[in-house]
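All ligand and atom numbering here is 1-based and tracks the order in the structure.
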Amino acid sequence: MTTKSADLTELDALMKDRHSCRAFRPDPVDRDVIEQILRCAQKVPSWCNAQPWKVTITSGAETDRLRNALTEAAMAGGHAPDLSFPDGYSDEYQARRRECGWALYEAVGVTKGDRAGSARQMMENFNLFGAPHCAILSSPAELGPYGAMDSGGFVAAFTLAAQAAGVASVAQAAVASFAPMLHEMLEIPQDRLILCAISFGYADPDHPANRFRTTRAPLPEFTDWRG
Ligand SMILES: Cc1cc2nc3c(=O)[nH]c(=O)nc-3n(C[C@H](O)[C@H](O)[C@H](O)COP(=O)(O)O)c2cc1C
């Protein structure tokens, strides 16, 4: 039997408490806390222990420079992610996507058909929801989907480690829409795929965008037991 090093109930509580934060206070997170989160997150498994993730982390004026550049790029249009966005969402995936989208819109007071309101909320992605820090995640292009898969584990671990440190976060594929600009601005080499961003900082708990929680499918919806 594997030696038990943590309590599953406690881990489950941590996982339940973590949620995507979409409104932050401006206060920065201490560098040593960020480093602790990174050291914790990097303990995830990766194929061949390649640890393909790299994170470009912004603070202070650099985060402001990033949100300004993203907002400008979004207003100009021209979606160009390194990693193809999904072709579509069907069936239960579409239903879950709609449910979480509407939960957010409802929380911030955007009603059905309010195109200006939903566009305004979408643009908050590029404002990094007011977060004081943003981590841009990349993996080597030559590792392909498995590099991205390993990095997905890193994203999950980062957000959980952050939660354990009292730091709120949100993963953002939206930021990766403007990969060419990010490569240039942050000097991320062209042979690395920009996967997503994680904006993080201390939550503004009273903001309406933080007042809803998503649900999860019951076990039978995603399990298939054999034997
Ligand atoms: C890879 C990835 C990309 C995401 N991209 C975005 C995004 O661009 N904008 C956003 O508001 N949320 C984004 N999210 C957050 C998801 O919407 C969120 O995790 C999901 O709705 C479940 O809610 P929860 O994180 O609060 O549990 C992303 C999450 C992941 C894992």
Side-chain angles (χ1 to χ4, degrees), residues 11-24 37 41 44 46 52-55 66-67 70-71 73-74 79-89 92-108 110 117-131 133-139 145-164 167-179 181-182 193-201 203-205 207-218 221-222:
L11 177 60
D12 192 56
L14 176 70
M15 295 194 68
K16 190 163 166 282
D17 287 347
R18 185 218 55 82
H19 60 93
S20 294
C21 174
R22 294 187 181 85
F24 294 85
I37 293 168
V44 290
S46 59
W53 48 81
K54 271 194 184 162
V55 276
L66 176 62
R67 69 178 120 242
L70 284 165
T71 302
H79 166 93
D82 284 346
L83 203 65
S84 301
F85 273 28
D87 292 335
Y89 290 82
E92 67 265 48
Y93 311 114
Q94 187 188 37
R96 292 171 192 159
R97 182 175 190 235
R98 282 197 177 140
E99 187 188 300
C100 83
W102 280 118
L104 171 61
Y105 287 149
E106 205 183 343
V108 297
V110 174
S118 57
R120 211 169 34 246
Q121 181 56 39
M122 174 60 188
M123 284 301 285
E124 266 303 297
N125 270 286
F126 308 115
N127 184 38
L128 308 172
F129 301 109
H133 304 282
C134 185
I136 308 287
L137 204 79
S138 68
S139 82
Y146 276 95
M149 184 169 165
D150 292 342
S151 300
F154 182 87
V155 171
F158 183 100
T159 59
L160 284 169
Q163 174 69 32
V167 173
S169 65
V170 59
Q172 291 179 269
V175 169
S177 301
F178 303 105
M181 183 277 283
L182 295 171
L193 302 175
I194 294 177
L195 304 175
C196 70
I198 309 174
S199 290
F200 64 96
D204 174 352
H207 194 286
N210 287 333
R211 282 203 213 121
F212 79 98
R213 295 292 177 270
T214 53
T215 59
R216 294 297 184 268
E221 278 192 33
F222 70 98

Note down each nitrogen or oxygen pair, ligand 1 side and protein side, whose separation is under 3.5 Å; give only atom names and the distance to 0.1 Å.
residue, atom, partner, partner atom, Å
ligand 1, 5 (N), Ala171, O, 3.3
ligand 1, 5 (N), Ala173, N, 2.8
ligand 1, 8 (O), Ala173, N, 3.2
ligand 1, 8 (O), Ala174, N, 2.9
ligand 1, 9 (N), Asn125, OD1, 2.9
ligand 1, 11 (O), Arg22, NE, 2.8
ligand 1, 11 (O), Arg22, NH2, 3.4
ligand 1, 12 (N), Arg22, NH2, 3.1
ligand 1, 14 (N), Ala171, O, 3.0
ligand 1, 17 (O), Arg22, NH2, 3.2
ligand 1, 19 (O), Ser20, OG, 3.4
ligand 1, 23 (O), Thr214, OG1, 3.1
ligand 1, 25 (O), Arg18, NH1, 3.0
ligand 1, 25 (O), Arg18, NH2, 3.2
ligand 1, 25 (O), Ser20, N, 3.4
ligand 1, 25 (O), Ser20, OG, 2.6
ligand 1, 26 (O), Ser20, N, 2.8
ligand 1, 27 (O), Arg18, NH2, 2.8
ligand 1, 27 (O), Thr214, OG1, 3.2
ligand 1, 27 (O), Arg216, NH2, 2.8

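There is no side-chain donor-acceptor pair under 3.5 Å between Asp17 and Gln163.
Scanning for ring pair (Phe, Tyr, Trp, His ring centres under 6.0 Å) contacts around Phe154 gives Trp53, with sequence neighbours left out. Arg213 pairs by the side-chain hydrogen bond (donor to acceptor under 3.5 Å, both in side chains) definition with His19, not counting sequence neighbours.
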Review item, side-chain donor-acceptor pairs of residues 145-153, under 3.5 Å, at least two apart:
residue, atom, partner, partner atom, Å
Asp150, OD1, Trp47, N, 3.3
Asp150, OD2, Trp47, N, 3.2
Ser151, OG, Gly147, O, 2.8

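Expressed to the nearest 0.5 Å, how far CE of Met15 lies from CG of Leu11 amounts to 6.0 Å.
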Item checked: ring pair (Phe, Tyr, Trp, His ring centres under 6.0 Å) evaluation trace for His79 with Phe85 -> CA-CA 10 Å; His79 166 93; Phe85 273 28; 4.6 Å; yes
